[in-house]
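Presented below is the structure to which this report refers.
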Amino acid sequence: MTQINEQLQQEQQRVDDVTTIIRTRIEELRKQVGMLKGDIVDIRRNFWDDVTVNFEDAAEAAETHASMKQQAEVLSERERSHRHGEQQLITLMKLEQSPYFGRIDLLEQGQSKEDCIYLGVGSLLDESGFHYLIYDWRAPVSSLYYDYGPGPVRYETPSGSINREMTLKRQYMIREGQIRSMFDTGVTIGDELLQEVLGKQSDAQMKSIVATIQREQNRIIRNERARLLIVQGAAGSGKTSAALQRVAYLLYRYRGLLNADQIILFSPNPMFNSYVATVLPELGEQNMQQTTYQQYLEHRIGKTFALEDPFSQMEYTLAAMNEPGYEVRIASIKYKSGLLFMRLIEKYAAELGQSGLKFTSITFRGRTLLPEALISEHFYQLDRSISIGNRMRLTAEWILKELTRLSREERNQEWVQQKIELLDQEAYAHAFEELQRKNRFAGESFDDFEAERDFLAAMVVQEKFKKLRKRVKRLLFLNVPAIYKRLFENDNGLLERLTNGKQQLPEKWAEISKQTIEMLDKGDIYYEDATPYLYLKEKLEGFHTNTAVKHLFIDEAQDYSSFQYHYLKRIFPNCKMTVLGDLNQSIFAHAVAGDGFEPLSELYSDEETEKIVLTRSYRSTRPIVTFTSRMIEGGDKIEPFNRDGAEPTITYAADETHLILAIEERIGQLLHSSYQSIAVICKTAAESKRMHHALQTHIPKLRLIEKETVTFEKGIVVIPAYLAKGVEFDAVIISNASNESYGHESERKLFYTACTRAMHELHLVFTNELTSFIQ
């Protein structure tokens, strides 16, 4: 028997032994979980049987309360134990299939025997409970596996730095308890395992691949120092994967101090959320909160305006180039997304603290109770050293007091008497009980007509005034839409005062103002206006800050504007921010990419900021990476992973009909290769709809992906390029790679983004003339 076979046999024996222990634990845990579930069902069913209920006097009531509390605590403890047991069971069942993926042997100075450390997706202790059979990949010692090769190593623990000698670094591929392959590696993770993982067909979800985390990705995952962590990574460099593993690491590292609800991921679209949804549960962690910036905007101002979304804005920038007003709109998008406009709004808010606020009269049943002039007068009489937001709250308190006074006067109105006459018996009974409780009269029936009428009138008016009070508490007496609109009307030379006569506005400001006012008058708001509007609103009302969120993750970070970043920093003041993006995939007109990620540097100090650049691309084969990297500036810095595959193809079609036939034929060939996910990527949503309509007759399972699509499923899809961001497919067909479709320099990055979605095969079809982006 050769030495390699002997080692393999020994390693397989250890896998068998560990798997036996795991199976025993699973059986024990299943029994425990089953018993706990039975206890929970029994406690819930018999809850009131085991509680002594008696409210005859204070002592009995206190005893009842204590009995209920004790029973509730027992139930809560059982439910906690049950949840913990189920989570352990999930982890053990994963370990049963693949107990670990790596091993490092560490030798302490002066010792003759190494410590063998095995790494998996969860920890496993031996029978004694003192020695680890498997270490969780997030444990401090596990970082050595990702960061070092054999030789001197150092790692941090809660008790300080540890220095050791690594004598062995070994990697395994274990499936269903059997070692499929095993090899010793150097500094980097072994290419064999990574090749195997990347060579697979794509799934409907992103998968956890902790076994293949590279050294530079590990720096992202375990970074605890930076308040702002910027990750600039090439397409397919594993940015999103590293970010999700980072979430898992943070939840493990700060268990008890940090929970999943204190982490938010802002993702590019709802479909992307379903794509990444399985990664954290695979690692035994709860999913963090996931949303899109658009969803947040809808939540905040969706009741005030019909809000344009970024994809509609994108459709306009791609498809309306020949429409009148296009250049004005582009200039508007760029200006309103920048810090110059933010500073202008700050100056505007400061002036509004002195004069110019617009209020809405408080009206009721067609009558004005408090005119806007009176509200304005009260606001500006308050001490101006107090912030606008606090003065607004003081004004709201004054209005509520006035409403209390006015509600007393309202009781004598004729409509109140009419409402009282229509009240049902239940309302009268309630009034009687309330009056009796307040000792307003003696006896068992209403013999005090005035008391009865006053109470019922107060009840009727109070009910009708509820909506008014609610609106006042939400500060809806402040007319923010009119205040924002005034900025574009240049009321009384407003802009000259705000800019001190300096030329700080874009050349087309008059046309921009006209466009904006027309939109606002219809009750609509452009996407580029949404953040400035909210910023002004919060400057006036006080910021709706969320201090509970500790970590904010922003994927596709290059698609956010400088203004949006500063706004996010204001509403999440206590959080650490991890932003992940690729400047070469910046496709929106409002994005920061023109200045790189430099605008972010204003958010935190240099000492609090760290930037990590990922240049190696793992998603696509070497031929695809080589092909796509020629399309962009700096593409020569992208390092393709050594995974071979077919060269991209370019097919000419004489016209639209032949183009569709060529795509149909290519899809047939790809299906014959048993690919699970195939994407026909179009430039716009309109083009995607036309292509889907043309193809679905011969390809009935074809799906159209739209901005409203919320689930990512494998299969054959037609999708606009901007919705495909962040997602990968086995094979990609670019529907029309012509100069007509992709001819403007502003479309270069969109084209690059579309092509880099392909893992194994990339095919381009075009009519007329091929895009000049392909050299």
Side-chain angles (χ1 to χ4, degrees), residues 6-40 77-108 110-145 155 157-159 162 164 166-180 182 208 210-211 248-249 251-253 255-256 281-285:
E6 191 176 338
Q7 286 178 348
L8 183 59
Q9 193 175 36
Q10 290 171 354
E11 290 284 11
Q12 183 60 57
Q13 185 58 52
R14 187 184 191 277
V15 170
D16 294 343
D17 294 343
V18 169
T19 304
T20 301
I21 293 170
I22 291 169
R23 285 173 183 154
T24 303
R25 297 271 173 88
I26 287 173
E27 288 304 311
E28 292 171 353
L29 203 52
R30 276 186 176 144
K31 288 177 186 174
Q32 288 176 21
V33 168
M35 288 171 65
L36 284 166
K37 189 171 184 180
D39 287 350
I40 290 166
E77 186 275 326
R78 294 289 195 283
E79 287 175 334
R80 256 194 321 272
S81 299
H82 183 260
R83 280 196 302 273
H84 181 63
E86 282 194 320
Q87 286 172 353
Q88 280 186 307
L89 202 52
I90 290 167
T91 302
L92 285 172
M93 288 169 76
K94 285 179 190 143
L95 292 178
E96 181 186 15
Q97 295 301 310
S98 180
Y100 40 84
F101 54 78
R103 166 186 169 181
I104 50 176
D105 290 1
L106 300 179
L107 183 63
E108 189 175 354
Q111 299 291 325
S112 58
K113 189 179 178 184
E114 297 97 337
D115 292 323
C116 297
I117 293 170
Y118 291 83
L119 284 72
V121 295
S123 298
L124 183 72
L125 288 161
D126 66 4
E127 296 297 332
S128 70
F130 291 107
H131 302 293
Y132 280 95
L133 297 172
I134 306 169
Y135 282 82
D136 192 292
W137 69 275
R138 295 163 290 188
V141 71
S142 303
S143 65
L144 300 178
Y145 170 77
Y155 65 100
T157 71
S159 57
I162 304 290
R164 293 283 189 273
M166 185 190 292
T167 59
L168 177 71
K169 180 176 179 179
R170 183 168 287 171
Q171 203 156 4
Y172 310 89
M173 191 182 300
I174 303 173
R175 299 291 181 266
E176 297 176 347
Q178 295 297 312
I179 298 176
R180 299 279 177 85
M182 178 184 88
S208 152
V210 293
Y249 171 76
L251 290 171
Y252 175 88
R253 173 75 174 81
R255 195 170 295 278
E282 265 206 13
L283 296 170
E285 297 291 354

### Query
Do the ring planes of Tyr100 and Tyr118 sit parallel (below 30°), tilted (30 to 60°) or perpendicular (above 60°)?
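Ring orientation of Tyr100 relative to Tyr118: tilted.
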### Contact summary for Leu92 and Ile22, nearest pair of heavy atoms
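Answer, listing the atom of Leu92 first, then Ile22: O-CG2, 3.4 Å.
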### Query
So which heavy atom on Tyr252 is nearest to which on Ser123, and how close?
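Looking at all heavy atoms of both residues, the shortest contact is OH-OG, 4.3 Å.
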### Query
When you look at Glu108 and Ile162, which way does the side chain to side chain contact (heavy atoms under 4.5 Å, CB included) test go after all the steps?
CA-CA 9 Å; Glu108 189 175 354; Ile162 304 290; over 6 Å; no
Less than 4.5 Å apart, any side-chain heavy atom of [X] and any of [Y]?
X: Pro99; Y: Thr19; answer: yes
X: Leu124; Y: Tyr132; answer: no
X: Arg23; Y: Glu96; answer: yes
X: Phe101; Y: Trp137; answer: yes
X: Ile21; Y: Glu127; answer: yes
X: Arg103; Y: Arg14; answer: no
X: Gln12; Y: Val15; answer: yes
X: Gln32; Y: Gln88; answer: no

### Message
Quick check against the 3.5 Å criterion: does Ser98 have a side-chain atom that pairs as donor or acceptor with the backbone of Arg175?
### Response
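Between the backbone of Arg175 and the side chain of Ser98 there is no qualifying donor-acceptor contact (under 3.5 Å).
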